[in-house]
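All values reported here derive from a predicted model rather than from experimental measurement.
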Amino acid sequence: MSWAFLRDLLSGVNKYSTGIGRIWVAVVFMFRLLVYVAAAENIWKHEHDEFECNIKQPGCENVCFDHFFPVSHIRLWALQLIMVSTPSLLVVFHVAYRENREKHHNQKLYKNPGKIDGGLLCTYLISLILKTGLEIVFLVLFYKLYNGFKIPRLVKCDIKPCPNTVDCYISKPTEKMIFLYFLVATSCLCIVLNIGELSYLIFKYSIKCYLKRHVKKQQ
């Protein structure tokens with residue numbers, strides 16, 4: 001799968017982000033996207049073929065694998081990366097709208113189309129709320145689907161067509177566990193960064209509005 005579109009999106013958003021936002025972009029690109037492409041994808045590449053049960057009953061392994069892994073960790077991780085990056089498109093589209101509006105009227109309507117103020121500030125705040133919400137949703141989804149953030153070495157399966165309770169073994173559980181913890185840690189870091197940036201922007205523009213009102217009263 002080509003991730004060039006996501007890389008380009010993150011690069012475009014970086015131009016309009018605050019300092020904290022640029023840190024978020026760096027974390028997503030370096031510690032999530034690159035780790036996914038360079039290492040994690042290969043670890044889960046043959047997870048179904050390497051899932052073994054101690055019985056050769058036709059269909060038993062497939063049913064047990066589907067029960068314990070309804071969605072592959074790595075595919076869910078890829079979906080998470082795409083979903084948490086998508087709200088940033090709102091900011092890019094809003095800036096593009098400002099630039100097109102200036103071209104259409106053939107005059108300077110904004111001091112800087114990419115400056116976070118007015119309507120663009122609202123769009124930016126909405127994108128931060130959406131990114132934070134999606135991060136939390138995917139963490140909860142990971143936890144619910146796999147009964148916690150863990151990968152067992154052995155699972156016991158008694159689902160038909162298995163004739164009785166059989167032992168099934170997961171390949172490279174320790175290595176997968178390390179990457180799963182890394183996924184959770186980077187997701188939590190991104191949530192902290194998003195909340196930090198959201199708080200910073202609200203505080204900054206609250207102070208700005210307060211000072212404007214104070215100046216008007218003095219005048």
Side-chain angles (χ1 to χ4, degrees), residues 1-14 16-18 20-41 43-45 47-48 65-94 116 120-152 155 170 173 175-203:
M1 179 177 182
S2 175
W3 290 92
F5 78 98
L6 193 56
R7 180 199 62 206
D8 295 339
L9 169 61
L10 294 175
S11 299
V13 172
N14 201 37
Y16 314 119
S17 299
T18 64
I20 301 173
R22 290 189 181 95
I23 296 173
W24 177 86
V25 170
V27 170
V28 171
F29 182 72
M30 294 179 63
F31 297 107
R32 298 181 75 172
L33 182 56
L34 287 183
V35 168
Y36 176 92
V37 174
E41 195 172 20
I43 293 171
W44 272 273
K45 194 173 184 180
E47 59 178 328
H48 186 274
F65 183 84
D66 183 65
H67 175 73
F68 290 107
F69 300 101
V71 181
S72 168
H73 284 82
I74 203 67
R75 291 186 182 92
L76 197 57
W77 190 355
L79 182 61
Q80 182 183 12
L81 276 171
I82 294 168
M83 293 301 292
V84 299
S85 301
T86 300
S88 299
L89 280 171
L90 294 174
V91 179
V92 176
F93 287 154
H94 197 134
I116 303 174
L120 185 58
L121 173 62
C122 294
T123 302
Y124 199 94
L125 293 177
I126 290 169
S127 73
L128 286 174
I129 292 168
L130 288 174
K131 285 190 287 188
T132 305
L134 287 167
E135 291 280 15
I136 294 171
V137 166
F138 273 96
L139 283 178
V140 172
L141 192 59
F142 266 99
Y143 189 87
K144 292 290 186 182
L145 281 175
Y146 307 117
N147 296 316
F149 301 115
K150 60 182 183 296
I151 297 179
V155 291
I170 298 168
E175 195 173 16
K176 288 177 179 176
M177 181 75 78
I178 291 169
F179 276 92
L180 184 58
Y181 284 157
F182 183 82
L183 161 67
V184 173
T186 51
S187 291
C188 291
L189 176 58
C190 286
I191 290 171
V192 171
L193 289 171
N194 286 331
I195 293 174
E197 188 176 16
L198 189 65
S199 303
Y200 165 75
L201 286 171
I202 292 172
F203 177 76

With a 4.5 Å limit on heavy-atom distance, are the side chains of [X] and [Y] in contact?
X	Y	value
W24	T18	no
Y124	E197	yes
S187	R32	yes
I43	I74	no
F65	E47	yes
T86	L134	no
F138	L79	yes

Considering non-hydrogen atoms only, spot the tightest contact between [X] and [Y] and give its length.
X	Y	answer
H73	F142	O-CZ, 3.9 Å
T123	V91	CG2-N, 4.0 Å
F149	Y181	O-CE2, 3.3 Å
S127	P87	CB-O, 3.4 Å
P70	Y146	CD-CE2, 4.4 Å
I20	L193	CG2-O, 3.4 Å

**OP:** Check the pair F69 / I170 against side-chain contact (heavy atoms from CB on, under 4.5 Å), numbers first and verdict last.
**Re:** CA-CA 11 Å; F69 300 101; I170 298 168; 3.4 Å; yes
Subject >> More than 12 heavy atoms from other groups under 6.0 Å of CZ on F31 >> reply: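 No, because the 6.0 Å sphere around CZ of F31 holds 12 heavy atoms or fewer from other groups.
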Euclidean distance, [Y] [atom2] relative to [X] [atom1], rounded to 0.5 Å:
X	Y	atom1	atom2	result
C190	L139	SG	CG	10.0 Å
F93	S88	CZ	OG	11.0 Å
I129	N194	CD1	CG	10.5 Å
F182	Y36	CZ	OH	14.5 Å
I126	L198	CD1	CG	11.0 Å
L90	L130	CG	CG	6.5 Å

Original post:
Counting only N and O atoms by type, is there a donor-acceptor contact under 3.5 Å from the side chain of T186 to the main-chain atoms of L183?
Top reply: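 Yes, the answer is positive, given that a donor and an acceptor are paired below the 3.5 Å cut-off.
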Original post:
Should V27 and L189 be marked as a side-chain contact (heavy atoms from CB on, under 4.5 Å) after you check the CA-CA gap, both sets of side-chain angles, and the distance that decides it?
Top reply: CA-CA 8 Å; V27 170; L189 176 58; 4.0 Å; yes
Subject >> Evaluation steps, side-chain contact (heavy atoms from CB on, under 4.5 Å), between E135 and C188 >> reply: CA-CA 8 Å; E135 291 280 15; C188 291; over 6 Å; no
